[in-house]
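Worksheet: one structure, shown below.
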Protein chains: 2
Amino acid sequence: MKRTIYDIARELNLSPGTISKVINKTGNVSDETRERVLAYIKKVGYVPATSARMLKSKKSYTIGVVFSEDLNIGLEHPFFASILQHFKKYVENEGYELSFIVSKLGNNQMSYYEWCMNKKVDGVYIVVGDNGDQGLHELALKNIPCVSTDILIPGIHAIVSDNRMGIIQSLDYVYQNGSSKTVGMIAGPQHSRAFLERYQAFIEYQNEQEHPINPKHIVFAESFGFTSGYQAAMKLLENPLPKVLLVGSDDIALGVLKALKDHNISIPKDIEIIGFDDIHFAKHFTPSLTTVKQDRERIATTAAKKLLQLINHPDRPVEEVIRIPVELMVRETTK
Amino acid sequence: MKRTIYDIARELNLSPGTISKVINKTGNVSDETRERVLAYIKKVGYVPATSARMLKSKKSYTIGVVFSEDLNIGLEHPFFASILQHFKKYVENEGYELSFIVSKLGNNQMSYYEWCMNKKVDGVYIVVGDNGDQGLHELALKNIPCVSTDILIPGIHAIVSDNRMGIIQSLDYVYQNGSSKTVGMIAGPQHSRAFLERYQAFIEYQNEQEHPINPKHIVFAESFGFTSGYQAAMKLLENPLPKVLLVGSDDIALGVLKALKDHNISIPKDIEIIGFDDIHFAKHFTPSLTTVKQDRERIATTAAKKLLQLINHPDRPVEEVIRIPVELMVRETTK
DNA sequence: TTGTAAGCGTTATCAG
DNA sequence: CTGATAACGCTTACAA
């Protein structure tokens, strides 16, 4: 049933080495035999045994995926799942597959790096990672090709949204025509880079443009997700509201919207809301959410492309951080 | 740097074979040497090379995951992503890891079965699959351990929700106290087993209880998702509405809700809605959605447990289809 | 251009 | 109870 390179060699009156050469497009083989082998391989549906190949060549055509669970962001997270999906599609098309890196496998604990050595993965992709995770920093030190679409670690290439640009677009939109509305922000947890960047961009913009910042109009959500958005909004409601509210993420924004509705606050009449992410649901909500769209597909494919480049041309230098442009989607929560 | 079983043997004045034995808990080793080896291994952080181990033993401690993309259900799907997440957690804890099965890897097309042989996966998990997918049926024929939490294929063990029970609970709730409301259904695409079962259960219940079924109150959504729900609702609106509406899934139900709202139909006053799934968002929507909750965690862990059993005790027979109970979550879209 | 043979790091079967 | 030794299926010098 299962055929090896030896069987093929015998059946074709060739030597195993030759077969290997044509499969790997290495060494010299006459065009004729190459064709013959290729045809035969296709006919009988031979596929080389990965394990043997790995054992010998130290390559696996596999990319390890870090999807940090510590943050309690499940695979269900609308943003990260989507990115992972696009990434997967791209690399599979290039002949690579994905395997989740896990640090606690049954009994034996193993660092990301050990896992990579052990599995001989060609590269690793950090979809979402925790900055406090030592394993990640260890990875950055060893030189294994590695890209991230989340955290920024010196030594690891990252592809992330231009958060600052998103905030600028939002505020430019708010202040257009010389309007001088009061604007507040419900920021996400500040241990997350993306949330931190968005918050800082907000503060900087306001300072540069000399718009006042009212501390009571700034609230930090405790976590990701709907519920923490709801709670943050409750806190905001303790004081008079600003006219416009930027929210760190759509997930959170939806919770905010709900809290506001529950208090009979009319949107966008009483307060305008601008989110961040453009998750699938943003446009379906009532009222539909004005938000900054992250180009998930572009982030993912850029990351994939870059990782493959790192793997196949380790010499060619590349920029370490790439910022992907974002776009403001104006919908019903602003006027 | 990288240590092999040989290095360890040498450093410990033993033979490689002995080391292997203690690692695999096989053959006879004196307690003393076992301890000594185990201690040393832990100290130096040795991990066996998977490739070599696979090559020799035909085991990989890896489970192949089928996540059909043909259906355009991405990794982002709230139900399946959540199930996969729970499954992953369970098997990782038992020392297995997950690798996505892919049939078109770069240039060479390969059937699921070939992939499994090639990668020597110990089992396969079908999170979501297309019934028209020949590769899946081929898998069922070969005897590789395999479980599904979606499609039902003869020969493949399946763990799915008790859809009939969900419909019965919903309708019992609707008809409680001898009420005789008219009830309709927006069913999902009928090529999907789960949707089909829900539809059939509905029809059977109504017939058994001798409640009339108005064909105009039954609409089939063309696809999964919000948009097809919206469209289905539009169709339903062409005729007078029933008093109660069961919807095949929450995803679809949210689209329905939106369409109804857009037409100024009051929920639950004019029409009551009951969904299916209890996706995360169901309780956050306004009004919050009454729905049948699928126990995603239990489905996933049951599937995981069963697959591991199939792998490790292929002899022990097990039922082929397990139905997991569901629970009606009563919220604001019903009164 | 093709064939030979020595590994890669394990496991498993025998002897000792 | 422990130690040799032959696979496992492939890649890669090197020889023919």
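Note that the coordinates shown come from a computational prediction; the quantities given were computed from them, not determined experimentally. Just so we're on the same page: letters track the sequence lines, and every chain starts at 1.
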If the cut-off is 4.0 Å, is S30(B) near the phosphate of dT2(D), judged by side-chain N/O to OP1 or OP2? yes
OP1, OP2 of dC10(D) versus side-chain N and O of Y46(A): anything below 4.0 Å? yes
Taking the basic N atoms (NZ, or NE/NH1/NH2) and the acidic carboxylate oxygens, is any pair closer than 4.0 Å for K119(B) and E97(A)? yes
Among all residues two or more places apart in sequence or in another chain, which pass the salt bridge (charged side-chain N to carboxylate O under 4.0 Å, His left out) test with [X]?
| X | answer |
| --- | --- |
| R298(A) | none |
| K59(B) | D122(B) |
| E11(B) | R3(B) |
| D162(A) | none |

Under 4.0 Å from any heavy atom of chain B: name the first and the last nucleotide of DNA chain C that qualifies, 5' to 3'. dG9(C) to dA12(C)
Between [N] ([atom2]) and [X] ([atom1]): distance, integer Å:
| X | N | atom1 | atom2 | value |
| --- | --- | --- | --- | --- |
| I5(A) | dC8(D) | CD1 | P | 15 Å |
| I41(A) | dG9(D) | CD1 | C1' | 14 Å |
| M54(B) | dC8(D) | CE | P | 16 Å |
| L55(B) | dA6(D) | CG | C1' | 13 Å |

Which part of the nucleic acid does T26(A) contact within heavy-atom distance under 4.0 Å: base, sugar-phosphate only, or nothing? nothing
For T33(B), report the nucleic acid contact type (base, sugar-phosphate, nothing); a contact means any heavy atom under 4.0 Å. sugar-phosphate
Under the ring-ring contact (aromatic ring centres under 6.0 Å, His included) definition, can you give me all pairs with a residue in residues 117-139 of chain A, not counting sequence neighbours? F87(A)-Y125(A)
Rounded to 10°, the helix from dT1(C)-dA16(D) to dG16(C)-dC1(D) deviates from straight, judged by its five-pair end axes, by 40°
Here the residues of residues 11-22 of chain B within 4.0 Å heavy-atom distance, strictly under, of DNA chain D are N13(B), L14(B), S15(B), T18(B), K21(B)
With salt bridge (Lys or Arg N to Asp or Glu O under 4.0 Å) as the test, would you mind laying out the steps for E94(B) and K305(B) before giving the verdict? CA-CA 10 Å; E94(B) 299 290 321; K305(B) 224 175 282 178; over 6 Å; no
Can you name the side chain to side chain contact (heavy atoms under 4.5 Å, CB included) partners of I322(A), sequence neighbours left out? I159(A), T302(A), K306(A), E319(A), I324(A)
Would you please name every residue forming a side chain to side chain contact (heavy atoms under 4.5 Å, CB included) with S30(A), sequence neighbours left out? E32(A), T33(A)
Taking the nucleotide of DNA chain D with the nearest heavy atom to each, does N28(B) or K56(B) sit closer to the 5' end? N28(B)
Applying ring pair (Phe, Tyr, Trp, His ring centres under 6.0 Å), name anything that partners Y90(B), two or more places apart in sequence or on another chain. none
Taking only residues two or more places apart in sequence or in another chain, which ones pass side chain to side chain donor-acceptor pair (under 3.5 Å) with R36(B)? none
